[in-house]
Amino acid sequence: MKFFKLQIDKSKLLEIINLKFSVFYPIKDFISNKDFKSIIEDYHLYNNAFFPIPILFSIFKKDYEKIKKIDQLKIFFFNNFVCNLNIKSIYKINKSKYFYKIFRTKNYNHPGLHNFINSGNYYIDGKIGNFNHDILKKINFFKPSEIKKKIKRNNLKTIAGFHTRNAPHRAHEWIHQFGLKNCEGLLIQPLIGQFRSTEYNEKIIIKTNKYLIDNFYSKQKVFFSVLNTYPRYAGPREALLHAIIRRNFGCTHFLVGSDHAGIGKFYKTYESQKICLNYEKQLNIKILAFKEPYLCNHCKNIINSKCLSCKNKKVSKTNIRGQYLRSLIAKNKKIPEEFMRKEISSLLSKNSMIR
């Protein structure tokens with residue numbers, strides 16, 4: 001068998017690890033051309049299993065020319081062996097034909113679209129083999145099987161999955177409590193594979209979310225994990241992926257509010273929520289939908305409907321958004337305690353951001 005050594009970046013490493021440990025189940029390997037087209041057109045794999053977004057291994061033409069007659073790749077990350085990738089086929093994609101259907105935009109300023117367009121045009125339909133488990137020491141990663149065991153040990157029949165890319169603020173805490181009102185337990189699972197300079201870094205996302213759980217929540221009902229994959233910022237399609245991932249981690253319910261998996265003004269406020277509700281049966285996980293919580297400026301409570309205690313007053317509210325809080329941090333301004341617990345905000349600084 002002929003083979004070729006290939007160095008990969010972190011995003012590809014994360015895709016391999018997530019495939020290996022069934023984070024993306026029912027997908028187990030990098031997808032074929034038939035699966036790609038079927039996902040894009042019909043939200044299903046070619047075998048009819050529901051899946052919303054393609055999981056791809058791209059290469060540039062220069063590498064394609066080297067490996068087009070090769071059966072197997074030896075995959076390395078910073079010269080550390082990761083796995084073998086047994087090649088079933090290599091295919092080329094006309095990205096201009098498909099990118100709008102994935103990202104729902106033609107604007108090249110969209111970071112997910114930008115990454116997709118600037119990756120290689122050739123894709124490997126490949127099976128992972130001879131995986132090096134020591135590579136897990138290089139990243140923060142939780143196996144779905146580990147979280148499922150923890151849920152089972154605590155005898156929880158229903159558990160809500162919560163997705164975030166931020167340090168926790170008061171609106172997040174409202175969502176956490178909403179999840180716990182509807183389920184026996186809660187899995188707080190932030191995404192940590194971020195790459196944009198305006199986002200929180202991996203270390204602070206883990207530190208602040210763990211601090212909240214360890215100091216203010218019941219450890220028998222609220223669990224911590226991470227989702228280590230790069231954000232695609234694909235809005236509705238990515239929201240469906242996030243729901244599938246939480247199902248694979250043992251969640252029975254998934255929390256979806258406003259602007260889930262989106263960025264800027266590329267998607268409508270509740271577009272991701274709507275598509276998750278539409279595909280709830282195919283997802284095989286219950287969607288917990290809610291309106292965006294906000295701060296009532298009269299009584300300083302976090303709510304997501306008309307404030308009953310202020311029923312005779314005109315609605316006056318402030319939305320609590322992670323982007324706004326990060327802008328305060330960037331300017332060395334204090335975050336008001338009604339927006340975020342002081343115990344959490346005291347952990348944040350300019351160094352909390354990706355540089």
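Computed from heavy atoms alone, side chains included, the values below leave out hydrogens, waters and symmetry copies.
Checking side-chain atoms of N301 against main-chain N and O of I303 turns up no donor-acceptor pair under 3.5 Å. A side-chain donor-acceptor contact under 3.5 Å links E280 to the backbone of I287. The closest donor-acceptor contact from the side chain of T269 to the backbone of D259 lies at 3.5 Å or more, if one exists at all. No donor-acceptor pair closer than 3.5 Å links the side chain of R246 to the backbone N or O of A160. Judged purely by atom type and a 3.5 angstrom limit, Y270 uses its side chain to pair as donor or acceptor with the backbone of E292. A donor-acceptor contact shorter than 3.5 Å is absent between the side chain of D35 and the backbone of I31. Panel note: side chain N80, backbone F77; a donor-acceptor pair is recorded below 3.5 Å. Judged by distance alone, the side chain of D42 and the main-chain N or O of S38 form no donor-acceptor pair under 3.5 Å. With hydrogens and angles disregarded, no donor-acceptor distance shorter than 3.5 Å links the side chain of Y233 to the backbone of E238. Here the side chain of N18 pairs a donor or acceptor atom with the backbone of N228 at under 3.5 angstrom.
You'll find the ring centres of F21 and F141 inside the 6.0 Å limit.
For the residue pair D125 and S32, no side-chain donor N or O sits within less than 3.5 Å of a side-chain acceptor on the partner. No hydrogens or angles considered: nothing links the side chains of E184 and T158 as a donor-acceptor pair under 3.5 Å. Using modelled atom types and a 3.5 Å distance limit, the side chains of K157 and N155 yield a donor-acceptor pair. Under the 3.5 Å distance criterion, with hydrogens and angles disregarded, no donor-acceptor pair is assigned to the side chains of N248 and S22. In this model, a donor atom of one side chain and an acceptor atom of the other lie less than 3.5 Å apart for D9 and S11.
Atom NZ of K300 is surrounded by more than 12 heavy atoms from other residues, nucleotides or ligands within 6.0 Å. More than 12 heavy atoms of other residues, nucleotides or ligands sit less than 6.0 Å from atom NZ of K74. Atom NZ of K342 has 12 or fewer heavy atoms from other residues, nucleotides or ligands within 6.0 Å. Within 6.0 Å of the NZ atom in K127, the count of heavy atoms belonging to other residues, nucleotides or ligands does not exceed 12. Heavy-atom contacts from other residues, nucleotides or ligands closer than 6.0 Å to NE2 of H114 number 12 or fewer. Residue K286 places its NZ atom among 12 or fewer non-hydrogen atoms of other residues, nucleotides or ligands, all under 6.0 Å distant. In Y324, the OH atom is not crowded: 12 or fewer heavy atoms of neighbouring residues, nucleotides or ligands sit closer than 6.0 Å. Within a 6.0 Å sphere centred on CD of Q7, other residues, nucleotides and ligands contribute more than 12 heavy atoms.
Note that K10 lies outside the cation-pi zone of Y230, set by a 6.0 Å cut-off to the ring centre and a 45° limit from the axis.
Distance check: T318 OG1 to N297 CG gives 3.5 Å after rounding to the nearest 0.5 Å. Rounding to the nearest 0.5 Å gives a distance of 8.0 Å between CD1 of I159 and SG of C183. Between atom CD1 of residue I27 and atom CG of residue L19 there is a gap of 7.0 Å, rounded to the nearest 0.5 Å. Going from atom CD1 of I90 over to atom CD1 of I124 covers 5.0 Å, rounded to the nearest 0.5 Å. Here OG1 of T105 is found 5.0 Å from CZ of F266. Values are rounded to the nearest 0.5 Å.
Cluster partners of F76 are F81, counting Ile, Leu, Val, Met, Phe, Trp and Tyr whose side-chain heavy atoms approach within less than 4.5 Å, directly or via other members.
Between Y200 and I354 the shortest side-chain heavy-atom distance does not fall below 4.5 Å. Using a 4.5 Å heavy-atom threshold, the side chains of R170 and E338 count as separate. Counting only heavy atoms from C-beta outward, the side chains of F116 and L56 approach each other to under 4.5 Å. Here the side chains of L240 and Y279 are in contact, with some heavy-atom distance below 4.5 Å. H44 is listed as a side-chain neighbour of F50, based on a closest heavy-atom distance under 4.5 Å. Between F30 and Y123, the closest side-chain pair of non-hydrogen atoms is not below 4.5 Å. The side-chain heavy atoms of S345 and I329, taken from C-beta on, include no pair separated by under 4.5 Å. Taking 4.5 Å as the limit, some side-chain heavy atom of H110 sits within range of a side-chain heavy atom of I263.
Applying the side-chain contact (heavy atoms from CB on, under 4.5 Å) test between T208 and each of N166, I213, L348 identifies L348 as the sole match. The residue from N130, I67, N84 that alone fulfils the side-chain contact (heavy atoms from CB on, under 4.5 Å) condition with Q72 is N84.
The two residues R237 and P52 make their nearest non-hydrogen contact at NH1-O, 2.7 Å. Across all non-hydrogen atoms, the minimal contact from P26 to L45 is CG-CD1, 4.3 Å. Counting all heavy atoms, side chain and backbone alike, F290 lies closest to L288 at CD2-O, 3.6 Å. Of all non-hydrogen atoms in F57 and I16, the two that sit nearest each other are CE1-CD1, 4.4 Å. Nearest heavy-atom pair across I344 and P168 is CG2-O, 3.7 Å. For A234 against I53, the heavy-atom pair with the smallest separation is CB-CD1, 3.9 Å.
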Start with the C-alpha gap between I192 and L227, add the side-chain angles, then the distance that decides, and say whether side-chain contact (heavy atoms from CB on, under 4.5 Å) holds. CA-CA 6 Å; I192 59 169; L227 171 57; over 6 Å; no

Where do F216 and R341 land on the side-chain contact (heavy atoms from CB on, under 4.5 Å) test, with the steps shown first? CA-CA 11 Å; F216 298 101; R341 289 179 186 266; 3.3 Å; yes

Step by step, work out the side-chain contact (heavy atoms from CB on, under 4.5 Å) result for I93 and N121. CA-CA 6 Å; I93 290 175; N121 287 330; over 6 Å; no

Assess whether side chain to side chain donor-acceptor pair (under 3.5 Å) is satisfied between K203 and S352, documenting all intermediate values. CA-CA 8 Å; K203 182 179 179 181; S352 303; over 6 Å; no

One pair to check against side-chain contact (heavy atoms from CB on, under 4.5 Å): Q177 and Y217. What are the steps and the verdict? CA-CA 10 Å; Q177 295 308 314; Y217 289 167; 3.7 Å; yes

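No salt bridge links E202 with K207; every basic N to acidic carboxylate O contact stays at or beyond 4.0 Å. Here R232 pairs with E15 in a salt bridge; the nearest charged N to carboxylate O distance falls below 4.0 Å. Salt-bridge check for E41 with K34: failed, with every basic side-chain N at 4.0 Å or more from each acidic carboxylate O. A salt bridge is absent between E65 and K62: the closest approach of a Lys/Arg side-chain nitrogen to an acidic carboxylate oxygen does not fall below 4.0 angstrom.
Connection of L241 to Y46 is not established within any shared hydrophobic cluster, with ILVMFWY side chains joined at heavy-atom distances below 4.5 Å, either directly or through further cluster members. Under the 4.5 Å side-chain heavy-atom criterion for grouping Ile, Leu, Val, Met, Phe, Trp and Tyr, Y25 is not connected to L14 through any hydrophobic cluster.
Screening residues 147-168 for ring pair (Phe, Tyr, Trp, His ring centres under 6.0 Å) gives F162-H172, F162-H176, H163-H242, H163-H260 as the qualifying pairs, with residues at least two apart or on separate chains.
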